[in-house]
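Worksheet for the structure shown next.
Just the heavy atoms: all of them, side chains too, but no hydrogens, waters or symmetry mates, feed the values below. In what follows, residues are counted from 1 in the order of the sequence shown.
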Amino acid sequence: MKTTTEIRSDFLEFFRGKGHTIVPSAPLVPANDPTLLFTNSGMVQFKNVFLGSEKPGYVRAADVQRCLRAGGKHNDLDQVGYTARHHTFFEMLGNWSFGDYFKEEAIAWAWELLTKVWKLPAERLVVTVYHTDDEAFGIWNQKIGLPADRIIRIGDNKGAPFASDNFWQMADTGPCGPCTEIFYDHGAHIAGGPPGSPDEDGDRYIEIWNLVFMQFDRQPDGALLPLPAPCVDTGMGLERLAAVLQGVHGNYEIDLFRHLIGKAAQFTSTSDLHNKSLRVIADHIRACSFLIVDGVLPSNEGRGYVLRRIIRRALRHGWMLGQKGPFFHRMVAPLVEVMGDAYPELAAKREFVERALLAEEERFAETLDAGMRIFDEVAARSQGALSKGVIPGADAFRLYDTYGFPVDLTADIARERGLSVDMDGFDAAMEQQRETARAAGKFGSSTTMPAELAAQLAPTQFLGYEQLADEGLEVLALLKDGRAVEKVEAGEEVAVILDRTPFYAESGGQVGDTGEFEAGAARFAVRDTQKFAGQFHGHVGALASGSLKRGDRVRATVDASRRAATVLNHSATHLLHAALRGVLGDHVTQKGSLVAPDRLRFDFAHFAPLSTSELAEIERRVNAEIRRNSAAEVHHMGMQEALDFGAMALFGEKYGDRVRVLRMGDTSTELCGGTHVSRTGDIGLFKIVAEGGVSAGVRRIEALTGQGALDFVAEEERRLEDAARLLGGNVSDVTDKLKSLLDRQKRLERELDALKAKAASGATADLATAAVQVGGIKVVATRLEGFDAKALREAVDRLKQQLGDAVILLAGASDGKAALVAGVNGAAAGKIKAGELIAEVAGRINGKGGGRADMAQGGGDDGPALVQALSDVPTWVGNRLI
């Protein structure tokens with residue numbers, strides 16, 4: 001039996017032998033790609049290669065890519081645990097050709113690996129082809145020798161051109177082409193028909209490999225133009241393949257899942273290894289662990305929200321198994337046992353992943369029991385005839401907003417009870433919040449070029465490391481509203497692509513440069529510089545005068561002072577990162593940054609607020625590195641060489657085979673393509689101005705450098721001098737003066753409290769003699785000038801002791817507002833509730849309140865309505881006593 005570890009190795013070694021470069025898995029968070037929530041297929045890291053904007057150093061590649069489908073357009077979360085083959089996290093085996101081999105080699109190698117290396121019975125394999133792809137049909141039939149009755153032509157759905165399971169396209173336009181899929185026949189004893197038949201959704205025929213042949217460029221009018229360099233993109237699900245090679249029918253029966261399910265059963269004290277909840281836990285630990293490894297932490301928005309949903313779904317299934325205490329974080333260790341060798345980064349960050357999961361378990365445990373009680377109440381109402389088994393959207397939102405139940409968790413629990421959720425109502429209640437996880441949309445954004453243009457141009461050559469101005473730069477393209485134009489006139493907004501540029505394009509947190517172009521009478525104001533298609537510097541702005549056309553030569557000048565200020569902040573973020581790791585620990589990783597001319601912002605993984613002493617030490621370490629005035633060394637090397645050199649890759653960045661390494665002093669070595677100081681002393685001064693939480697497990701530091709830091713310190717000194725002047729001293733004795741002032745204030749407050757208590761005692765004695773008898777109960781309802789809520793409570797307590805059987809309502813008035821305190825004592829407690837009395841009076845003075853039966857408080861407006869409401873209290877009490 002082949003283990004999953006052996007299958008991964010077999011696949012990569014097979015294609016290594018066919019001349020393929022073995023490429024490591026990309027992270028689950030796509031690098032520099034705002035159009036995707038997660039890496040959901042093997043081709044994501046090669047998207048720019050297919051679009052023509054990125055040129056790798058190889059034409060054949062193979063990899064095992066980790067993928068996630070749990071949010072946005074590609075979301076399998078609801079099915080996980082209830083079917084044999086759905087997962088949130090899965091591994092995709094893929095081999096790729098970028099303009100090298102095509103259909104014949106791809107098909108022949110796939111057949112060789114399946115039938116010769118892994119020795120699958122040829123008679124169990126069935127394939128599909130696009131109905132017009134005679135070339136693929138011929139290769140299968142004549143070259144491979146597969147009988148024609150086991151090669152199924154799949155047509156278009158509902159007659160729409162190219163809308164077929166066997167025609168793949170990246171988007172509505174761009175690279176596309178037919179595909180051939182390989183299915184494994186589990187045998188006639190399992191229900192289901194072959195692909196393309198009415199009962200194809202059965203489990204007998206399972207797709208194991210998809211070979212995509214990208215050979216066309218689809219135009220806006222639907223026309224298909226041949227690509228100059230056809231490509232191959234294949235994908236084979238490791239879990240499905242392992243099930244076939246291990247002789248089992250469901251993915252959860254393979255060796256990897258048997259190990260995880262066994263551990264989940266142990267941690268939840270569950271004996272039934274077929275329990276669906278164990279499947280959910282085993283699946284979800286993979287998704288959660290790898291998301292955290294790749295820089296995602298639980299939060300209430302975006303990717304972090306998806307992670308929180310998955311974690312809480314796993315915890316709820318543990319709760320169903322009777323496991324109320326933290327257990328999910330213990331699943332990381334067995335996961336490392338079965339996947340740590342293939343993914344060393346998982347083993348390296350095991351402790352951090354465990355801490356992140358435990359923190360989320362403890363957070364959710366506080367609300368789960370209470371939330372489930374509310375759900376039970378909602379479910380009971382929803383099972384009535386009038387509700388038709390639907391949980392109202394407003395109730396689903398309340399569970400989300402108050403108890404932290406993601407709506408799909410509510411839907412999951414509802415489904416088990418034969419209920420559904422009114423999702424339209426939930427979306428309406430959510431309003432703006434409902435967009436917590438951005439949908440994975442089409443490839444393309446404001447910084448994406450037309451594919452045909454990207455394929456024609458060479459990547460922009462960046463000159464800005466050495467110079468801030470240059471001339472003779474050629475205008476290669478003008479983009480207006482995402483389309484290429486030949487010429488622009490004064491006043492038009494465009495993005496200009498040059499062959500070379502000194503302008504830095506926004507990436508790695510560093511903002512894009514601003515400045516201007518000149519070309520004869522033409523003046524172009526650059527207000528931002530962005531990366532287009534990951535390879536081209538797009539100078540975004542407006543033509544101030546003249547005209548500009550493709551092919552013109554321009555002189556480009558960067559705003560030097562703005563760049564210089566930005567550079568100080570960027571280099572300081574590197575020193576800050578190193579200092580954070582030195583003070584807080586190696587678990588600190590960058591979660592994002594903003595490097596602007598006027599400030600820097602650095603987000604990092606950490607689970608607790610930083611103490612004053614920690615912040616002081618971090619600031620001290622950064623300034624110590626600045627004073628050392630170490631050179632900022634730049635090295636260019638291979639990726640693995642850089643990692644061996646000690647370089648740290650930054651979160652959310654994509655790196656090529658050759659990388660740029662920046663080393664400053666002995667503490668900071670990072671991969672970075674940004675612009676930096678020549679020596680650390682250029683930064684001048686580093687000053688932290690704020691620290692706070694961004695989301696669960698993520699903290700943020702904001703800081704200033706250079707002149708900005710000096711200006712901040714000067715302003716702080718001015719404020720300190722103002723404070724010293726107001727305190728009647730000088731800067732050196734501000735602390736003593738302030739302490740003396742606070743001590744005096746506390747003494748005066750104590751004296752004031754004593755006077756108030758004395759006055760309240762006297763007022764209470766007068767009130768006791770003025771009590772009204774109502775049905776044997778003494779009733780006091782009056783307004784007291786200047787009493788706050790605390791004094792009112794003390795007065796009510798004293799009156800209870802003095803009056804015995806009593807109902808008391810006191811109102812303290814001040815500045816047009818009234819505080820209300822009610823008390824019920826003795827025989828009155830059987831029929832009168834203080835909370836009801838407060839609600840009655842507060843409701844008449846535009847207020848509200850509530851509390852216990854014997855003591856309650858509230859508030860509202862002072863005025864005639866209050867006087868009338870108080871005078872009506874004896875009547876109200878009398879009606880309650882009847």
Side-chain angles (χ1 to χ4, degrees), residues 32 48 51-55 444-508 510-567 570 595-598 660 673-676:
N32 294 329
N48 286 336
L51 289 171
S53 62
E54 185 176 321
K55 308 295 190 287
S445 70
S446 60
T447 55
T448 298
M449 299 168 62
E452 60 275 15
L453 178 62
Q456 296 170 8
L457 303 180
T460 306
Q461 181 184 352
F462 179 54
L463 309 172
Y465 293 129
E466 292 82 22
Q467 59 197 83
L468 296 179
D470 202 1
E471 56 187 22
L473 310 179
E474 182 181 358
V475 176
L476 298 182
L478 299 164
L479 299 177
K480 184 176 182 180
D481 299 325
R483 300 191 313 274
V485 296
E486 289 295 312
K487 184 178 181 181
V488 293
E489 301 291 344
E492 291 189 84
E493 297 267 343
V494 293
V496 181
I497 308 295
L498 305 176
D499 61 339
R500 297 165 292 137
T501 183
F503 284 74
Y504 183 83
E506 179 178 342
S507 63
Q510 180 176 334
V511 298
D513 281 334
T514 62
E516 67 173 10
F517 297 161
E518 297 175 284
R523 295 290 184 276
F524 184 82
V526 181
R527 69 168 185 271
D528 193 12
T529 309
Q530 293 284 329
K531 277 278 182 72
F532 280 60
Q535 298 287 308
F536 306 97
H537 291 227
H539 307 82
V540 180
L543 192 62
S545 63
S547 62
L548 195 65
K549 65 181 183 299
R550 190 166 64 89
D552 281 351
R553 299 278 178 171
V554 303
R555 174 176 175 78
T557 305
V558 174
D559 183 333
S561 61
R562 184 175 182 274
R563 164 76 84 80
T566 303
V567 159
H570 198 164
V595 180
D598 58 334
R660 187 172 185 264
T675 57
H676 289 276

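Relative orientation of the Phe503 and His539 rings is perpendicular, given thresholds of 30° and 60° on the angle between their planes. Classification of the Phe462-Tyr504 ring pair by plane angle, with boundaries at 30° and 60°, yields perpendicular.
The distance from the CG atom of Asp499 to the CG atom of Leu473 is 6.0 Å, given to the nearest 0.5 Å. Atom OG1 of residue Thr557 and atom CD of residue Glu518 lie 6.0 Å apart, to the nearest 0.5 angstrom. Taken to the nearest 0.5 Å, the OG1 atom of Thr501 stands 13.5 Å off from the CD atom of Glu474. Rounding to the nearest 0.5 angstrom, the gap separating the CG atom in Leu468 from the CZ atom in Arg563 is 5.0 Å. Here the straight-line distance linking atom NZ of Lys549 with atom CD of Glu486 works out to 10.5 Å at 0.5 Å rounding. Within the model, atoms NE2 of His537 and CD of Gln461 stand 10.0 Å from one another, a figure rounded to the nearest 0.5 Å.
Inter-residue side-chain proximity for Leu476 and Gln456 is flagged as unmet; no heavy-atom pair is nearer than 4.5 Å. Taking the side chain as every heavy atom from C-beta outward, Leu479 and Leu453 approach each other to under 4.5 Å. Under the 4.5 Å side-chain criterion, counting only non-hydrogen atoms from C-beta, Leu498 is not in contact with Arg500. At least one side-chain heavy atom of Val475 sits under 4.5 Å from a side-chain heavy atom of Val496.
The nearest pair of heavy atoms linking Asp528 to Gly512 is OD1-CA, 3.7 Å. Residue Ala490 comes nearest to Ala544 through the heavy atom pair CB-O, 4.1 Å, listed as atom of the first residue, atom of the second, then distance. For the residue pair Leu457 and Ala477, the shortest heavy atom distance occurs at CD1-CB, 4.4 Å. Nearest heavy atoms, Ala565 versus Pro597: CB-O, 3.4 Å. Of all heavy-atom pairs between Ser547 and Glu489, the closest is CB-OE1, 3.3 Å. Residues Leu463 and Asp470 share a closest heavy-atom pair of CD1-OD2, 3.3 Å.
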For Arg562 and Val511, what are the C-alpha separation, side-chain angles and deciding distance, and is it a side-chain contact (heavy atoms from CB on, under 4.5 Å)? CA-CA 10 Å; Arg562 184 175 182 274; Val511 298; 3.8 Å; yes

For Thr460 and Phe532, run side-chain contact (heavy atoms from CB on, under 4.5 Å): C-alpha distance rounded to whole Å, both residues' side-chain angles, the deciding distance at 0.1 Å, then the answer. CA-CA 10 Å; Thr460 306; Phe532 280 60; over 6 Å; no

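At a cut-off of 3.5 Å, with distance as the only test, a side-chain donor of Gln510 or Thr675 sits close to an acceptor on the other residue.
The environment of CZ in Arg550 is sparse: at most 12 heavy-atom neighbours from other residues, nucleotides or ligands sit within 6.0 Å.
For Ser545, the side chain to side chain contact (heavy atoms under 4.5 Å, CB included) criterion is met by Arg523, not counting sequence neighbours.
Thr529 places a side-chain N or O within donor-acceptor distance of the main-chain N or O of Asp513, the cut-off being under 3.5 Å.
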